[in-house]
Amino acid sequence: MLLYRRLAVDKMKTIKLVSHIDLNEIYGLLQHPEAGGIDLFIGTVRNHAKGKKVLKLDFEGYEPMALKEMEKLADKAAKQWPILRLVIIHALGTKKIGDPVVVIGIASAHRNEAFEACRFLIDELKATVPIWKKEYFEDKTMWVNAHP
Amino acid sequence: MLLYRRLAVDKMKTIKLVSHIDLNEIYGLLQHPEAGGIDLFIGTVRNHAKGKKVLKLDFEGYEPMALKEMEKLADKAAKQWPILRLVIIHALGTKKIGDPVVVIGIASAHRNEAFEACRFLIDELKATVPIWKKEYFEDKTMWVNAHP
Amino acid sequence: MQIILFGIAKDIIGAQSLTLPGGHGVQTVHDLKNWLLDQYPAMGNLNSMAIAVDQEYAQDEMNLSENQEIALIPPISGG
Amino acid sequence: MQIILFGIAKDIIGAQSLTLPGGHGVQTVHDLKNWLLDQYPAMGNLNSMAIAVDQEYAQDEMNLSENQEIALIPPISGG
């Protein structure tokens with residue numbers, strides 16, 4: 001299910017929040033005839049955190065603001081690197097172990113820019129986009145990063 | 001069509017040469033319950049080189065040696081970073097614009113190692129694995145990198 | 001003045017959103033943070049607390065008014 | 001002594017593989033490179049020329065023998 005979607009008129013970027021990430025569509029979103037390199041980062045649900053078994057995760061977002069922040073990051077990246085295609089997709093809702101949670105994809109003429117922009121975007125997304133992750137352990141739940 | 005394949009007994013790595021890269025299988029090869037980050041590099045066929053229009057590419061490999069070199073790179077990477085899953089796949093034969101040519105995938109607990117190992121592997125692959133690329137232009141063909 | 005809540009802030013306050021009672025005296029983002037910390041001391045244990053105004057992160061000095069969309073942003077953990 | 005050829009080396013030599021004629025005098029990798037450059041001067045224009053022995057890059061000093069798999073590796077361009 002598509003929750004929100006913004007697509008620039010030039011089709012350069014795909015930025016959206018979804019309940020399920022479809023990895024099979026990603027390559028099509030990143031293909032460009034001038035592209036020589038694509039870097040794709042996929043964040044996934046790990047089965048443990050701080051030594052404890054994780055059963056599942058819940059993601060909550062301040063959706064309109066999250067999309068605005070994702071757009072800002074895309075604009076920043078596009079100013080720093082010659083990007084041909086850009087994808088930022090984050091999942092919301094309940095995710096189980098192994099599920100993709102976030103996908104960042106960059107296509108550029110040369111691989112260096114793709115790696116750098118991809119790394120920049122995932123680091124910045126984690127620092128600025130208002131999305132919250134709750135871990136379900138066997139004996140409790142916990143909002144990640146909430147407390148020191 | 002699968003040309004060659006080596007799969008370590010521990011399933012940690014998938015190293016192969018193929019005539020067609022199936023991107024839809026890659027995520028399955030990289031999934032691991034302890035993985036938090038996956039970095040995937042996809043090298044693709046660009047529509048131009050040195051300002052000239054490229055029609056297609058042909059890839060030729062010294063197949064058994066290429067696989068050995070890919071295995072060596074995987075072992076080097078596994079010594080440097082805590083890798084949970086590793087994929088190195090290179091296509092051989094004729095490729096058209098936009099086709100994937102090479103895929104490097106790394107799954108690790110944290111994203112830093114995934115980015116670093118992925119970057120290392122594509123850089124080293126280009127420097128050591130005996131594979132040759134011929135570009136078809138409108139008026140000629142050229143083996144890439146052959147001459148200064 | 002109504003505040004949209006997310007994540008652990010919903011658990012601490014026990015609601016999806018919060019309406020400040022009459023006479024709250026909150027004029028700036030800074031005032032709002034102080035008011036929240038005063039009313040809900042558990043907020044003080046969080047790693048951070050930001051305020052978004054009209055879906056943008058707001059500086060402490062920013063003035064608040066009734067017609068803005070105001071949200072409390074506890075420590076984020078996306079990605 | 002037979003040499004497997006790839007890429008532009010096939011074009012220069014005009015064959016998929018090359019058998020050194022009797023009395024070639026090639027004993028080491030270094031000798032083989034010199035022999036190839038002598039017979040096919042166009043090889044000298046390449047960015048590099050490596051020799052693989054039994055599917056491993058070989059040092060110049062390595063001795064060659066009939067029962068090895070020997071390949072000429074012109075500049076690679078995979079990825």
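Here is how names work: the chains are called A, B, and so on, in the same order as the sequence lines, proteins then strands, and each is numbered from 1.
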Please tabulate, one pair per line, all N/O donor-acceptor pairs under 3.5 Å involving side-chain atoms of residues 43-51 of chain D, not counting sequence neighbours.
residue, atom, partner, partner atom, Å
Asn47(D), ND2, Asn145(B), O, 2.6
Asn47(D), ND2, His147(B), O, 3.1

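- The candidate with the highest count of non-hydrogen atom pairs below 4.5 Å against chain D, out of Val102(B), Ile131(B), Val144(B), is Ile131(B).
- In this structure, Lys68(B) and Glu56(D) have side chains that are in contact, with non-hydrogen atoms separated by less than 4.5 Å.
- Separating the OH atom in Tyr57(D) from the CE atom in Met65(B) is a distance of 4.0 Å, to the nearest 0.5 Å.
- A 6.0 Å sphere centred on NZ of Lys52(B) holds more than 12 heavy atoms belonging to other residues, nucleotides or ligands.
- By the neighbour-count criterion of 12 heavy atoms within 6.0 Å, atom CD of Gln59(D) is sparsely surrounded, having that number or fewer from other residues, nucleotides or ligands.
- Only the backbone of Ala127(B) comes within contact range of chain D, with at least one heavy atom under 4.5 Å from a heavy atom of that chain.
- Contacts from residues 69-79 of chain D to chain B, taken as heavy-atom pairs separated by less than 4.5 Å, involve Glu69(D), Ala71(D), Ile73(D), Pro74(D), Pro75(D), Ile76(D), Ser77(D), Gly78(D), Gly79(D) in sequence order.
- In this structure, the side chains of Gln55(D) and Glu63(B) stay at 4.5 Å or more apart for every pair of heavy atoms.
- Of the listed residues Val129(B), Leu125(B), Val101(B), the one with more heavy-atom pairs under 4.5 angstrom with chain D than any other is Val129(B).
- The local environment of NE2 in His48(B) is crowded, with over 12 non-hydrogen atoms from other residues, nucleotides or ligands closer than 6.0 Å.
- Enclosure of atom CD in Gln27(D) is not indicated, since only 12 or fewer non-hydrogen atoms of other residues, nucleotides or ligands lie within 6.0 angstrom.
- We find the CZ-CH2 distance between Phe6(D) and Trp132(B) to be 5.0 Å, quoted to the nearest 0.5 Å.
- Residue Lys72(B) qualifies as enclosed at atom NZ: its count of foreign heavy atoms under 6.0 Å is above 12.
- Between Ile4(D) and Tyr62(B), the shortest heavy-atom contact is CD1-OH, 4.0 Å.
- At a 4.5 Å heavy-atom cutoff, the contact between Asp11(D) and chain B is made by side-chain atoms alone.
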